[in-house]
Amino acid sequence: MEIEDKIETFNSLLRRRGFIWGPSPEIYGGFAGFYSYGPAGMALKNNVLSLYRRELRAFGFGEVECPTIMPEIVWKASGHLERFIDPVMRCEECNTLYRVDQFLQENLPDLMIDGLSFEQMEDLIKKNNLQCPKCDTLFKEIEEYNLMLKTQVGNNVTAYLRPETATTTYLLFNRLDQDARRQYPIKIFQYGKAYRNEISPRQQVLRMRAFDQLELQLFIGREQEMDFEEFENVKNKKLPLLDWKLQEQNINKPSIISLEQALNEKIIKKPAYGYCLYLGYYLIKILGYPEDVIRFRQHSPNERAHYADDAWDLEINTKQFNWVEICGIHDRTDYDLKRHGDFSKQNFEAFMGSDPKLKEIPQILEIAFGPDRIIYTLLEAAFNVEDGRINLKLPPTLAPNTVAVFPLVRNKENIRNLAMKVHKNLLESRISSFYDESGSIGKRYRRQDELGTPFCITIDYESLENNTVTLRDRDTMDQIRIKIHEVSELIIKKIF
RNA sequence: GCGCUCUUAGUAUAGUGGUAAGAAUCUCGGGUUUCCAACCCGAGGACCCGGGUUCAAUUCCCGGAGGGCGCACCA
């Protein structure tokens, strides 16, 4: 079969080899915006997550897990109830849906539409006899389109599935403050599902209605944001930064500059925020993305979320979907804790600076990863077709199988037995080994190449004589002979 | 959500108003095989869902679901 280096080949690989399936449930025709991971995809995701958990521990982060459903008051306080509900109107004739605020701004450019209530917007429509541009039907009433999924809990109590994990982390603030013994910044992350009722989910797992988030939070004082010890260690690191002023000039090539320079040129405001940019970059780099597919893109002031004072997206350049945001870094200020303090009647003020008399509400810096987007972009970046051979160049630590073991031929009992023994020994060392004896040896190598397995071990006739095996490298296809009793040790050494 | 378009084994496809929907790859069993998708034998597996037209629908028509593209949307 001819293997072509095309995006279609990649898309079918995702399904064939059990990375991503869907939309789920496939046997019932599918439900847009919902996908499943197969064994290979899940192994990859878990490997990324274990790596991240190890790294975050080293960077001083603790992990929490909160419920995915929260009562209405939480989302009132967070601002999501207000901001995640869009005013829309539907043409009764042709059923086209319009975003009311944008429609009004276009048709009544002299008026200030931002901030008007639903009733005020409805009045404007009636007064101006606005009609559907497609079929000239008059508009009637405004409906709500709620980007949050609503549900009922217990005796008809309204609740919402969380549209982000971050808010649920903030609700723990006074617990965390005690737990951390008031040492700032408090570094916490949460991994889990979030839900958004996207109008039209597309682009596979890049815009799902149920998706994973991995969100890191720094609770930090105003003084510490500007004088941040850990910034000193990273200030010379160079990052590809595309600030919004560059974008305004239609420049889309990022400047590769050090964080210190970015701070001096006022591209970023706070050292602690610069540290967050670095941390986001570091965690993405260790997954093995090539340098030139990564950039940071700053949000323009009107693109920012309701809670953000500054926001940069870490984006990956993909073949299929161009630049894709896989991580967002937000300066959320004291917005969240202020609001939750007000709504819950709690006092979240703490002594955080050098003045022992001055209490303040902590600032929050957030680094939000979309693990599903990481998995997709990582797979796409790893996908290669080399001389008709699919080679998924995943970093060895992340590959679903670390090693595969084959008997050179399957009809020689002693070769088979030795191969199975080698495989079993690897498993006993808790190395994820895969045993395969079906088909020709070449076919077995290719199967593993498609899964990104970095090493293949083959037991041949020589193995029977001198207890050695061949170790084949995925990328070079070169083989070396090694002693059987050194296999596990060597694999571990090559991987870590 | 609107418009256009598409939907056949796991994957990528051929084809048809009427016997057994065809080949590839794939999977399983067997044979062969001293290192990169080799070969031989045998087997398995599909017309997205619902309704209509018709003696007969996978095929034509309508609706739905899902995918792609464009528009809108994307904290």
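Naming convention: chains lettered A, B, ... in sequence-line order (proteins, then strands); numbering from 1 in each chain.
When the P atom of B:C26 is taken as reference, atom CZ of A:Arg444 falls 14 Å away, rounded to whole Å. Rounded to whole Å, atom C1' of B:U33 lies 8 Å from atom CG of A:Leu408. Rounded to an integer number of Å, the gap from CZ of A:Arg416 to C1' of B:U32 is 16 Å. Rounded to an integer number of Å, the gap from A:Glu386 CD to B:C36 P is 17 Å. In this structure, the CD1 atom of A:Ile390 is 16 Å from the P atom of B:U25, given to the nearest Å. Regarding A:Leu464, its CG atom lies at a distance of 15 Å from the C1' atom of B:C35, rounded to whole Å. Following rounding to the nearest Å, A:Met477 (CE) and B:C35 (P) show an atom-to-atom distance of 15 Å.
Looking at residues two or more places apart in sequence or on another chain, you find no salt bridge (charged side-chain N to carboxylate O under 4.0 Å, His left out) involving A:Lys443. Not a single salt bridge (charged side-chain N to carboxylate O under 4.0 Å, His left out) links A:Glu65 to another residue, sequence neighbours left out. Scanning for salt bridge (charged side-chain N to carboxylate O under 4.0 Å, His left out) contacts around A:Arg297 gives A:Glu303, A:Asp313, A:Glu315, with sequence neighbours left out. In this structure, A:Glu486 has no salt bridge (charged side-chain N to carboxylate O under 4.0 Å, His left out) partners at least two apart in sequence or on a different chain. Shown here are the ring-ring contact (aromatic ring centres under 6.0 Å, His included) partners of A:Tyr52, two or more places apart in sequence or in another chain: A:Phe369. Remark: A:His299 pairs with no residue by the ring-ring contact (aromatic ring centres under 6.0 Å, His included) rule, at least two apart or across chains.
The two residues A:Ala159 and A:Val153 come nearest to each other via the heavy atoms CB-CG2, 3.8 Å. Here the shortest heavy-atom pairing between A:Cys276 and A:Ile367 reads O-CD1, 3.6 Å.
Looking at residues 11-19 of chain A, you'll see A:Ser12, A:Arg15, A:Arg16 sit with a heavy atom under 4.0 Å from some atom of RNA chain B.
The side chain of A:Arg446 lies closest to B:C36 when the candidates are B:C36, B:G1, B:C35. Set against B:C2, B:A37, B:C74, the side chain of A:Arg202 has B:C2 as its closest nucleotide. Distance from the side chain of A:Glu450 is smallest to B:A37 among B:U32, B:A37, B:C35. Relative to the side chain of A:Ile3, the nucleotides B:A37, B:C36, B:C35 differ in distance, and B:A37 lies closest. Picking from B:C28, B:C36, B:U33 the nucleotide with the shortest atom distance to the side chain of A:Gln479 gives B:C36.
In this structure, A:Arg209 contributes its side chain and A:Asn197 its backbone to no donor-acceptor pair below 3.5 Å. No donor-acceptor pair closer than 3.5 Å links the side chain of A:Glu437 to the backbone N or O of A:Pro407. Judged purely by atom type and a 3.5 angstrom limit, A:Arg332 has no side-chain atom pairing as donor or acceptor with the backbone of A:Glu366.
Among the heavy atoms of the strands lying under 4.0 Å from A:Asn411 is at least one base atom, whether or not backbone atoms are also near. Among the heavy atoms of the strands lying under 4.0 Å from A:Thr470 is at least one base atom, whether or not backbone atoms are also near.
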Quick one: which protein N/O atoms are closer than 3.5 Å to N/O atoms of nucleotides 38-45 of chain B? Pair and distance per line, please.
unit_1: B:A38; atom_1: OP2; unit_2: A:Ser440; atom_2: OG; d: 2.9

Sub-3.5 Å pairs of nitrogen or oxygen atoms, protein against nucleotides 61-66 of chain B:
unit_1: B:A65; atom_1: O2'; unit_2: A:Gly29; atom_2: O; d: 3.4
unit_1: B:A65; atom_1: O2'; unit_2: A:Gly30; atom_2: O; d: 3.4
unit_1: B:G66; atom_1: OP1; unit_2: A:Ala32; atom_2: N; d: 3.2
unit_1: B:G66; atom_1: O4'; unit_2: A:Gly29; atom_2: O; d: 3.1

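Taken together, the paired segments of RNA chain B that extend over three or more consecutive Watson-Crick or G-U pairs, each closer than 3.5 Å at both contacts, are B:1-7 with B:65-71, B:26-31 with B:39-44, B:48-52 with B:60-64.
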Would you list the atom pairs, donor with acceptor, under 3.5 Å between side chains in residues 371-388 of chain A and any protein atom, with sequence neighbours excluded?
unit_1: A:Asp372; atom_1: OD1; unit_2: A:Tyr37; atom_2: OH; d: 2.7
unit_1: A:Asp372; atom_1: OD1; unit_2: A:Lys45; atom_2: NZ; d: 3.1
unit_1: A:Asp372; atom_1: OD2; unit_2: A:Asp212; atom_2: N; d: 2.7
unit_1: A:Arg373; atom_1: NE; unit_2: A:Leu206; atom_2: O; d: 2.8
unit_1: A:Arg373; atom_1: NH1; unit_2: A:Glu325; atom_2: O; d: 2.9
unit_1: A:Arg373; atom_1: NH2; unit_2: A:Leu206; atom_2: O; d: 2.8
unit_1: A:Tyr376; atom_1: OH; unit_2: A:Gln320; atom_2: NE2; d: 2.6
unit_1: A:Tyr376; atom_1: OH; unit_2: A:Glu380; atom_2: OE2; d: 2.9
unit_1: A:Thr377; atom_1: OG1; unit_2: A:Tyr289; atom_2: OH; d: 2.7
unit_1: A:Thr377; atom_1: OG1; unit_2: A:Arg373; atom_2: O; d: 2.8
unit_1: A:Thr377; atom_1: OG1; unit_2: A:Ile374; atom_2: O; d: 3.2
unit_1: A:Glu380; atom_1: OE1; unit_2: A:Lys319; atom_2: N; d: 2.7
unit_1: A:Glu380; atom_1: OE2; unit_2: A:Gln320; atom_2: N; d: 3.1
unit_1: A:Asn384; atom_1: ND2; unit_2: A:Ala382; atom_2: O; d: 3.0
unit_1: A:Glu386; atom_1: OE1; unit_2: A:Arg389; atom_2: NH2; d: 3.0
unit_1: A:Glu386; atom_1: OE1; unit_2: A:Asn391; atom_2: ND2; d: 3.4
unit_1: A:Glu386; atom_1: OE2; unit_2: A:Lys393; atom_2: NZ; d: 3.0

What side-chain donor-acceptor pairs closer than 3.5 Å can you find for residues 18-25 of chain A, not counting sequence neighbours?
unit_1: A:Trp21; atom_1: NE1; unit_2: A:Arg15; atom_2: O; d: 2.9
unit_1: A:Ser24; atom_1: OG; unit_2: A:Ser36; atom_2: N; d: 3.4
unit_1: A:Ser24; atom_1: OG; unit_2: A:Ser36; atom_2: OG; d: 2.6

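Taking atom C1' on both B:A20 and B:C47, the two are 15 Å apart, rounded to the nearest angstrom. A distance of about 14 Å separates the P atoms of B:A23 and B:G45, rounded to the whole Å.
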For this session: Evaluate the criterion salt bridge (charged side-chain N to carboxylate O under 4.0 Å, His left out) for residue pair A:Glu225 and A:Lys270; output intermediate values, then yes/no.
Result: CA-CA 6 Å; A:Glu225 278 190 301; A:Lys270 305 168 182 175; 3.3 Å; yes

